[in-house]
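Have a look at the structure below before the remarks.
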Amino acid sequence: MDLSSKINEINELSKTSPVLAVGIPIEMFEESTIIESTIPSKSLGILNTAKGLKAPSWFYGIVKGNGSHQIIINNIDSIDKESQEKFYELLKYKAISDVKLPTDCKIIVLATDLNKVSETILRLCLLIK
């Protein structure tokens, strides 16, 4: 299967379920909200501050219509398997801090080495190699 066909398949499948794509460069995806795997856990939730609730900028952009509804979690395999679990709520429920993403959001997870991806992440995603 050529790269263009894989990208099309990823885009179709991600409409219904998160997709884990192995060996696909991030540059192949147009107009996306990029979340690097090294993002701090606090940036994956809505925080209660003295000034009220504070959502991460990537989430705020999506909800307010400024950000792409295609979310890419980049280089998931570059962090240890335990740290990958911070994406559980986002992948399983398409939500952060129990606040749902818009229904048309697509989530794509990129990795280069499948052996370095957590079993939990593998169970939550459709796999494209």
Side-chain angles (χ1 to χ4, degrees):
M1 181 184 299
D2 70 351
L3 196 53
S4 178
S5 298
K6 280 186 180 181
I7 298 298
N8 290 338
E9 184 178 10
I10 290 166
N11 284 327
E12 267 314 298
L13 291 173
S14 65
K15 290 177 183 176
T16 57
S17 180
V19 173
L20 173 61
V22 179
I24 308 288
I26 194 168
E27 297 79 25
M28 297 303 298
F29 297 95
E30 300 173 4
E31 200 67 36
S32 301
T33 298
I34 310 294
I35 301 174
E36 289 296 333
S37 61
T38 54
I39 190 171
S41 295
K42 69 178 184 178
S43 296
L44 290 172
I46 298 173
L47 302 175
N48 192 4
T49 68
K51 295 181 180 179
L53 297 177
K54 183 175 187 312
S57 58
W58 65 267
F59 181 79
Y60 187 77
I62 291 171
V63 173
K64 292 298 180 187
N66 303 331
S68 171
H69 285 210
Q70 176 169 284
I71 300 169
I72 296 182
I73 300 171
N74 193 29
N75 294 321
I76 192 83
D77 56 335
S78 69
I79 58 175
D80 63 80
K81 290 182 180 183
E82 186 176 303
S83 296
Q84 294 172 22
E85 306 291 319
K86 66 186 172 187
F87 295 105
Y88 182 84
E89 181 184 22
L90 183 61
L91 293 170
K92 173 114 176 140
Y93 302 108
K94 281 190 171 180
I96 64 167
S97 302
D98 287 333
V99 177
K100 295 262 187 215
L101 291 167
T103 55
D104 65 337
C105 275
K106 303 184 306 182
I107 301 175
I108 300 166
V109 181
L110 299 180
T112 53
D113 186 352
L114 197 55
N115 295 321
K116 294 181 179 178
V117 178
S118 150
E119 288 296 320
T120 303
I121 301 299
L122 288 171
R123 283 193 303 273
L124 292 172
C125 299
L126 298 173
L127 180 62
I128 302 290
K129 296 193 232 180

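As the structure is a computational prediction, the values presented were derived from the model and not from experiment.
- Hydrophobic clustering (ILVMFWY, side-chain heavy atoms < 4.5 Å, transitive): Ile39 and Leu101 are in one cluster.
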Can I get a per-line list of side-chain donor-acceptor pairs under 3.5 Å for residues 48-56, giving both atom names and the distance, sequence neighbours left out?
{"unit_1": "Thr49", "atom_1": "OG1", "unit_2": "Lys51", "atom_2": "N", "d": "3.3"}
{"unit_1": "Thr49", "atom_1": "OG1", "unit_2": "Gly52", "atom_2": "N", "d": "3.4"}
{"unit_1": "Thr49", "atom_1": "OG1", "unit_2": "Gly52", "atom_2": "O", "d": "2.6"}

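- A chain of hydrophobic side-chain contacts below 4.5 Å, direct or via other Ile, Leu, Val, Met, Phe, Trp or Tyr residues, connects Ile34 to Val19.
- Side-chain atoms of Leu124 and Leu20, non-hydrogen and from C-beta on, never get closer than 4.5 Å to each other.
- The hydrophobic clustering, which links ILVMFWY residues whose side-chain heavy atoms are closer than 4.5 Å, places Ile128 and Ile26 together.
- Linking Ile, Leu, Val, Met, Phe, Trp and Tyr residues whenever their side-chain heavy atoms come within less than 4.5 Å places Ile79 and Val22 in a single cluster.
- Rounded to the nearest 0.5 angstrom, Ser97 OG and Leu47 CG are separated by 7.0 Å.
- Here the side chains of Phe29 and Ile24 are in contact, with some heavy-atom distance below 4.5 Å.
- Rounding to the nearest 0.5 Å places CD1 of Ile62 at 8.5 Å from CD1 of Ile96.
- Met28 and Ile73 fall into different hydrophobic clusters, where Ile, Leu, Val, Met, Phe, Trp and Tyr side chains are chained together by heavy-atom contacts under 4.5 Å.
- For Val99, the side-chain contact (heavy atoms from CB on, under 4.5 Å) partners at least two apart in sequence or on another chain are Ile46, Phe59.
- Taken from CD1 in Ile35 to CG in Leu44, the straight-line distance is 6.0 Å, to the nearest 0.5 Å.
- A donor-acceptor pair under 3.5 Å links the side-chain atoms of Ser37 to the main chain of Asn75, judged by distance alone.
- Identified under the side-chain hydrogen bond (donor to acceptor under 3.5 Å, both in side chains) test for residues 14-29, with sequence neighbours left out: Glu12-Lys15.
- Among residues at least two apart or in separate chains, there is no salt bridge (charged side-chain N to carboxylate O under 4.0 Å, His left out) pair with a member in residues 28-50.
- Taking SG of Cys125 as the reference point, atom CD1 of Ile76 lies at 8.0 Å (rounded to 0.5 Å).
- Sorted by first and then second residue, the pairs that involve residues 83-95 and meet side-chain hydrogen bond (donor to acceptor under 3.5 Å, both in side chains), not counting sequence neighbours, are Asp80-Ser83, Glu85-Ser118, Glu85-Thr120.
- Between the side chain of Trp58 and the backbone N or O of Ser43 there is at least one donor-acceptor pair closer than 3.5 Å.
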Taking distance alone, no hydrogens or angles, what donor-acceptor pairs closer than 3.5 Å link side-chain atoms of residues 103-117 to residues at least two apart or in another chain?
{"unit_1": "Asp104", "atom_1": "OD1", "unit_2": "His69", "atom_2": "ND1", "d": "2.6"}
{"unit_1": "Asp104", "atom_1": "OD2", "unit_2": "His69", "atom_2": "ND1", "d": "3.2"}
{"unit_1": "Lys106", "atom_1": "NZ", "unit_2": "Gln70", "atom_2": "OE1", "d": "3.2"}
{"unit_1": "Thr112", "atom_1": "OG1", "unit_2": "Asp77", "atom_2": "OD2", "d": "2.8"}
{"unit_1": "Asp113", "atom_1": "OD1", "unit_2": "Asn115", "atom_2": "N", "d": "3.0"}

